[in-house]
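In what follows, a structure is listed as structure tokens, so that the remarks can point back to it.
Numbering starts at 1 and runs along the sequence shown. On a predicted model such as this, the values are computed, not experimentally measured, just so you know. Atoms within a ligand are numbered from 1 in the order they appear, just like the ligands themselves.
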Amino acid sequence: RSQPPVVWHWIPFLGSTISYGKDPVGFFRTCRERYGNCFTFILLGKRITVALGERGNDFVLGGKHTTFVAEDVYAPLTTPVFGTGVIYDCPNDKLMEQKKFFKASFTAQKLASYVHTIADEVKGYITAELPSSGSACHEWLTLSVPKTFSEITLLTASHSLQGVRVRDSLTKDYAQTLVDLDHGFTPLHWIIPGLPLPSYWRRDAAHARMSRFYQQLIHERRSHGNLEDHQDIITDLMQQQYRDGTCVPDHEIAHLMIAVLMAGQHTSASSLSWSMLHIAQCPDIQEALYQEQVEHCGGSEGFLGALRYEDLRKLTVLDSVIRETLRLHPPIHSIMRKARSSIPVPATLASPSIATLDSIATAFVVPKGDIVLASPMVSQLDPTIWVDPERWDPYRWHDEEGMASAARKKYDETDKIDFGFGLVSKGTSSPYLPFGAGKHRCIGEQFAYLQIGTIIATLLRHMEFRLEGAFPKPDFTSMMVVPMTCSLMYRLRRT
Ligand code: HEM
């Protein structure tokens, strides 16, 4: 049977690399108009078959993990950075066990305890890094985006999840090591693994240094026998066992720590940056976010009580701000798998207009060896699903009209929308999948909501923000979609 149409290109090896690299979503939309929901493009000699729309999401993310294999695609990028024996450098069954281990660190009780740590870190950052007192206190000052929000994300995630010692080391002695790891986590390092270039050598040296650091720390904790003094993921993992009864080896705990740090850092920093940019641009929403804290967080005489997990769960505007930001700016625009065998593409995916066709009718076959790609970002911006999809409107999540009604019905059927923090879509055929779906769904969703929510709530208690100049464009050149460097104005809040 025929294969999906190949996107027309001039130069065989280069294919559509430049168009995809510059603006992947714009490229997918243009191709969708010309070729439909399923087409193949060439990325530096590799065949990438794209499946768009809700059915495309379902095709790729709901496919069998033995047929559409994540590790075949991601391992060349992630193994040199995370290390051996974890995530995509192990069989899928082992990854599933590792993901289960993390659940112990994301219970409601643990999440509740992270809120204080995160809020204190933000307050510390405001005091130490952002001038907000003395003569400058009511003047507008500037901060740099995404730099400031990346720093806050690193401080809060490392402290709450991995303990104060890791937080101090990462931000002081290991700051350059993190930068080197980061510079080895780029599209180039994914597409051409193992080039003899300094960024590759520095990445490998940085990984070795980070791995030694964590293993040393684990060793110290074990020899001091004071695990209960450290309530964090490292301790949780030291107490876990694989199904065959073996403990998690120290090097795997170390590598899982690097993985968690890398997987959470850019995604959360990007989402926080976009959220703050939109909040700064919309004074009404900024005020609503402050007022809902006044309403739900107690306190007296104009002072807000300490932020608590149970209060955070009542802050519905905050929840919708994060939800809406992740719709418009999901940090991961392309989710990929490698086809280990040839797979038929249902006709209903390729041509939505023939949705009534027999569901087993086949349009094309994706040949073995192709990379298959889903882009939930395309369905999250689809005008047939969302009303005015390019507009950032947190209130659409409170409003039946926020999505076109047919899609809304489908959405409600497939998804459990819970306005308690961090429970979004579940089904692989949802139009809204910022955290992915299926076997490889993100483990960090609830922590990310809690972290981003606590940071925003704490910042807005103390400060006001304003955006001057144009709203920044997305930078698609790194692995995650971040805003181009820009400035935000802030000043101390007048209560
Ligand atoms: C997987 C998004 C935060 C750890 C994923 C995937 C997405 C995603 C889309 C699926 C990738 C795929 O199917 O190929 C996000 C977003 C975040 C976020 C939008 C923040 C706003 C975090 C955090 C952590 C984390 C905070 C750790 C605490 C992981 C891991 C995986 C993953 C380990 C791999 C799961 C697997 O392949 O089975 N994330 N993530 N993420 N995420 Fe996140």
For the pair [X] and [Y], find out whether any cationic side-chain nitrogen is under 4.0 Å from an anionic carboxylate oxygen.
X: K94; Y: E71; answer: no
X: K147; Y: E151; answer: yes
X: D236; Y: K110; answer: yes
X: E97; Y: K100; answer: no
X: D58; Y: R55; answer: no
X: D232; Y: R167; answer: no

**Message:** Could you check whether atom 31 (C) of ligand 1 has a protein contact, counting only heavy atoms that fall below 4.0 angstrom?
**Reply:**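 Not a single protein heavy atom is under 4.0 Å away.
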With a 4.0 Å cut-off on heavy atoms, is [X] in contact with ligand 1?
X: P330; result: no
X: R337; result: yes
X: A70; result: no
X: S271; result: yes

**Request:** Specify whether H189 and Y200 have parallel, tilted or perpendicular ring planes, treating 30° as the upper limit for parallel and 60° as the lower limit for perpendicular.
**Result:**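 The rings of H189 and Y200 sit tilted, inter-plane angle from 30° to 60°.
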**Request:** Describe, in one word, how the ring planes of H333 and Y20 are oriented to each other, choosing from parallel (under 30°), tilted (30 to 60°) and perpendicular (over 60°).
**Result:**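 H333 vs Y20 ring planes: perpendicular.
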Any idea which protein heavy atom is nearest [atom], and the distance to it?
atom: atom 1 (C) of ligand 1; value: C442 CA, 3.6 Å
atom: atom 24 (C) of ligand 1; value: G444 CA, 3.7 Å
atom: atom 3 (C) of ligand 1; value: T267 OG1, 3.4 Å
atom: atom 26 (C) of ligand 1; value: G264 CA, 3.6 Å
atom: atom 6 (C) of ligand 1; value: F435 O, 3.9 Å
atom: atom 38 (O) of ligand 1; value: K99 NZ, 2.6 Å

So if I count the atoms of ligand 1 from 1 in the order they appear, which ones are less than 4.0 Å from some heavy atom of [X]?
X: P331; value: 19 (C)
X: V260; value: 27 (C), 28 (C)
X: I443; value: 4 (C), 29 (C), 30 (C), 33 (C)
X: I332; value: 2 (C), 7 (C), 8 (C), 9 (C)

**Item:** Residues, nucleotides or ligands: over 12 heavy atoms within 6.0 Å of Q109 CD
**Value:**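 Atom CD in Q109 is not crowded, with 12 or fewer foreign heavy atoms closer than 6.0 Å.
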**Message:** Which option wins on minimum heavy-atom distance to atom 2 (C) of ligand 1: P434, G436, S334?
**Reply:**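 Looking at heavy atoms only, P434 sits closest to atom 2 (C) of ligand 1.
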Ring centres of [X] and [Y] under 6.0 Å apart?
X: H255; Y: Y214; answer: no
X: Y114; Y: Y309; answer: no
X: Y432; Y: W397; answer: yes

For ligand 1, which is the ligand I care about here, please tell me if [X] has any N or O atom under 3.5 Å from one of the ligand's N or O atoms.
X: R441; value: no
X: Y74; value: yes
X: H440; value: yes

**Criterion ring pair (Phe, Tyr, Trp, His ring centres under 6.0 Å) against Y74, the qualifying member of F185, W190, F82, Y88** =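 Between Y74 and the candidates, ring pair (Phe, Tyr, Trp, His ring centres under 6.0 Å) is satisfied uniquely by Y88.
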Between [X] and ligand 1, which residue portion shows a heavy-atom distance shorter than 4.0 Å: side chain, backbone, both, or neither?
X: L95; result: side chain
X: Y88; result: side chain
X: E445; result: neither

